[in-house]
*Asks:* 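One structure coming up, written as structure tokens, with questions to follow.
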Amino acid sequence: MGYSLKTEVQKKERFAPGHRLCAGCGAGITVRAVLRALNEDDRAVVTNATGCLEVSSFLYPYTAWEDSYIHSAFENAAATCGGVEAAYNVLKKKGKIDDTFKFITFGGDGGTYDIGFQSLSGAMERGHDMVYVCYDNEAYMNTGIQRSSSTPRFADATTSPTGKVSDGKRQNKKDLTSIMVAHGIPYVAQTTFLGNFRDLHEKAHRAIYTPGPAFLNVMSPCPRGWRYPADEMAEICRLAVETCVWPLYEVVDGVYHLSYAPQNKLPVADFLRKQGRFKHMFAKGNEWMLEVAQKDVDRKWRELLAKCR
């Protein structure tokens, strides 16, 4: 599809300003970009798992959502969306609905990687024509920055604190994107905020208009949890991509496609150094942590390149 930044920014906003998300929060940017990928004449039903996005965008009777919106529990947002999509198909078949609706779920990593995983897996396996969008900020930010299975190894979170007896989170980040690919669904993609948002917009559009289930994993930094100045979010995202910590790729009908390959792959330390949650990794005697992190990223990058070839 063609892309025109001028055309996209002129579309009517479907996520209104005045919500309570923090300055520099990636969740709101994710939502605005995904909903902007909808064709202007199409309507949407949005389900939203409990989390930062939900508590900050919807407080009855006030809402930031211009489309139909359903707040679901942490554990059942995907199931709710799948149920609405099934009901829509029945009503459409009976001739009671003429409008074209699209079905989109938003959830943070806590409600996606962990608590809502069974619901997400079931909806994908059943084949509902819907898109699940994870705004991945790598911790349970809404309830106090507790570690999730999306939190990277060595990250300092409130339930994986650093100190004399702890080096931060002990486990590696779960590769949920690959797990979604293993479901055999038509479209899976990984993206974040870069430049004119072309990568995010085009992948969101493909996800929405691919028949059947689709999954979009969007790195959505959190200045509070990651501990960086809010105005450096775009730079954090750029470094995540240039270091291959967060590669940009998509999987269409099981075939891997690399969206971007850095010409000069940067060391992982460039990404980590910008964030207070990794500050301890740069203390004297902790050089081994940087080496472990670099080796892990290099290994995963080689594996991804092999799949894309």
*Asks:* As a quick check of understanding, evaluate salt bridge (charged side-chain N to carboxylate O under 4.0 Å, His left out) for Asp298 and Arg302, giving each step before the final call.
*Replies:* CA-CA 6 Å; Asp298 290 344; Arg302 289 193 301 270; 5.2 Å; no

*Asks:* Looking only at side-chain N and O atoms, does Thr80 offer a donor or acceptor that is under 3.5 Å from a partner on Thr47?
*Replies:* no

*Asks:* Can you name the ring pair (Phe, Tyr, Trp, His ring centres under 6.0 Å) partners of His280, sequence neighbours left out?
*Replies:*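 So His280 forms no ring pair (Phe, Tyr, Trp, His ring centres under 6.0 Å) with any residue.
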
*Asks:* With sequence neighbours left out, what residues match Glu232 under salt bridge (charged side-chain N to carboxylate O under 4.0 Å, His left out)?
*Replies:* Lys274

*Asks:* Tell me whether Arg32 is salt-bridged to Glu13, with the criterion being a basic N under 4.0 Å from an acidic carboxylate O.
*Replies:*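 Here Arg32 pairs with Glu13 in a salt bridge, since their nearest N and O are under 4.0 Å apart.
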
*Asks:* Please assess Glu242 against Tyr260 for the test side-chain hydrogen bond (donor to acceptor under 3.5 Å, both in side chains), listing each intermediate value before the final yes or no.
*Replies:* CA-CA 9 Å; Glu242 295 293 345; Tyr260 176 78; 2.6 Å; yes

*Asks:* Excluding sequence neighbours, so at least two apart, what forms side chain to side chain donor-acceptor pair (under 3.5 Å) with Tyr228?
*Replies:* none

*Asks:* Between Arg147 and Gln171, is any pair of side-chain heavy atoms under 4.5 Å apart?
*Replies:* yes

*Asks:* Check step by step if salt bridge (charged side-chain N to carboxylate O under 4.0 Å, His left out) holds for Arg273 and Asp270.
*Replies:* CA-CA 6 Å; Arg273 189 178 290 112; Asp270 288 5; 3.5 Å; yes

*Asks:* My understanding is that only residues two or more places apart in sequence, or in another chain, count here; which of them pass ring pair (Phe, Tyr, Trp, His ring centres under 6.0 Å) with Phe117?
*Replies:* none

*Asks:* May I ask whether Ile29 and Leu216 are part of the same hydrophobic cluster, defined by side-chain heavy atoms of I, L, V, M, F, W, Y residues being less than 4.5 angstrom apart, directly or through others?
*Replies:* yes

*Asks:* With sequence neighbours excluded, what pairs up with Trp301 under the ring pair (Phe, Tyr, Trp, His ring centres under 6.0 Å) test?
*Replies:*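 Checked Trp301 against ring pair (Phe, Tyr, Trp, His ring centres under 6.0 Å); zero matches.
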
*Asks:* Please work out whether the ring planes of Phe106 and Trp65 are parallel, tilted or perpendicular, with thresholds of 30° and 60°.
*Replies:* tilted

*Asks:* I'd like to know if Lys300 and Glu303 make a salt bridge, using a cut-off of under 4.0 Å between side-chain N and carboxylate O.
*Replies:*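 A salt bridge is absent here (no side-chain N lies under 4.0 Å from a carboxylate O).
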
*Asks:* List in chain and number order the residues that pass side chain to side chain donor-acceptor pair (under 3.5 Å) with Thr112, two or more places apart in sequence or in another chain; answer none if no residue qualifies.
*Replies:* Tyr132

*Asks:* If we only count heavy atoms from C-beta on, is the Pro223 to Pro229 side-chain gap below 4.5 Å?
*Replies:*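 Not in contact.
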
*Asks:* Please name all residues satisfying ring pair (Phe, Tyr, Trp, His ring centres under 6.0 Å) with Phe282, sequence neighbours left out, ordered by chain then number.
*Replies:*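 Scan of Phe282 (ring pair (Phe, Tyr, Trp, His ring centres under 6.0 Å), adjacent residues dropped) gives none.
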
*Asks:* Measure the shortest side-chain to side-chain distance between Val292 and Arg153 over non-hydrogen atoms and say whether it is less than 4.5 angstrom.
*Replies:* yes

*Asks:* Who pairs with Asp98 by salt bridge (charged side-chain N to carboxylate O under 4.0 Å, His left out), at least two apart in sequence or on another chain?
*Replies:*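 Residues passing salt bridge (charged side-chain N to carboxylate O under 4.0 Å, His left out) with Asp98: none at all.
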
*Asks:* Does Glu250 have any salt bridge (charged side-chain N to carboxylate O under 4.0 Å, His left out) partners at least two apart in sequence or in another chain, and if so, which?
*Replies:*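 Glu250 satisfies salt bridge (charged side-chain N to carboxylate O under 4.0 Å, His left out) with Arg206 only.
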
*Asks:* Going by the rule side chain to side chain donor-acceptor pair (under 3.5 Å), which residues pair with Lys11 if we only count those two or more places apart in sequence or in a different chain?
*Replies:*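 Applying side chain to side chain donor-acceptor pair (under 3.5 Å) to Lys11 gives Glu8.
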
*Asks:* Return the CZ to OG distance between Phe74 and Ser119, rounded to the nearest 0.5 Å.
*Replies:*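 It is 13.0 Å, given to the nearest 0.5 Å.
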
*Asks:* Using the side chain to side chain donor-acceptor pair (under 3.5 Å) criterion, which residues pair with Arg224? Sequence neighbours excluded.
*Replies:*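 Arg224 satisfies side chain to side chain donor-acceptor pair (under 3.5 Å) with no residue once adjacent residues are dropped.
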
*Asks:* Relative to each other, are the rings of Tyr209 and His205 parallel, tilted or perpendicular (30° and 60° limits)?
*Replies:* tilted

*Asks:* Does Lys169 have any salt bridge (charged side-chain N to carboxylate O under 4.0 Å, His left out) partners at least two apart in sequence or in another chain, and if so, which?
*Replies:* none

*Asks:* Quick test of your reading of the model: are Asp156 and Arg227 salt-bridged, counting only N-O distances below 4.0 Å?
*Replies:* yes

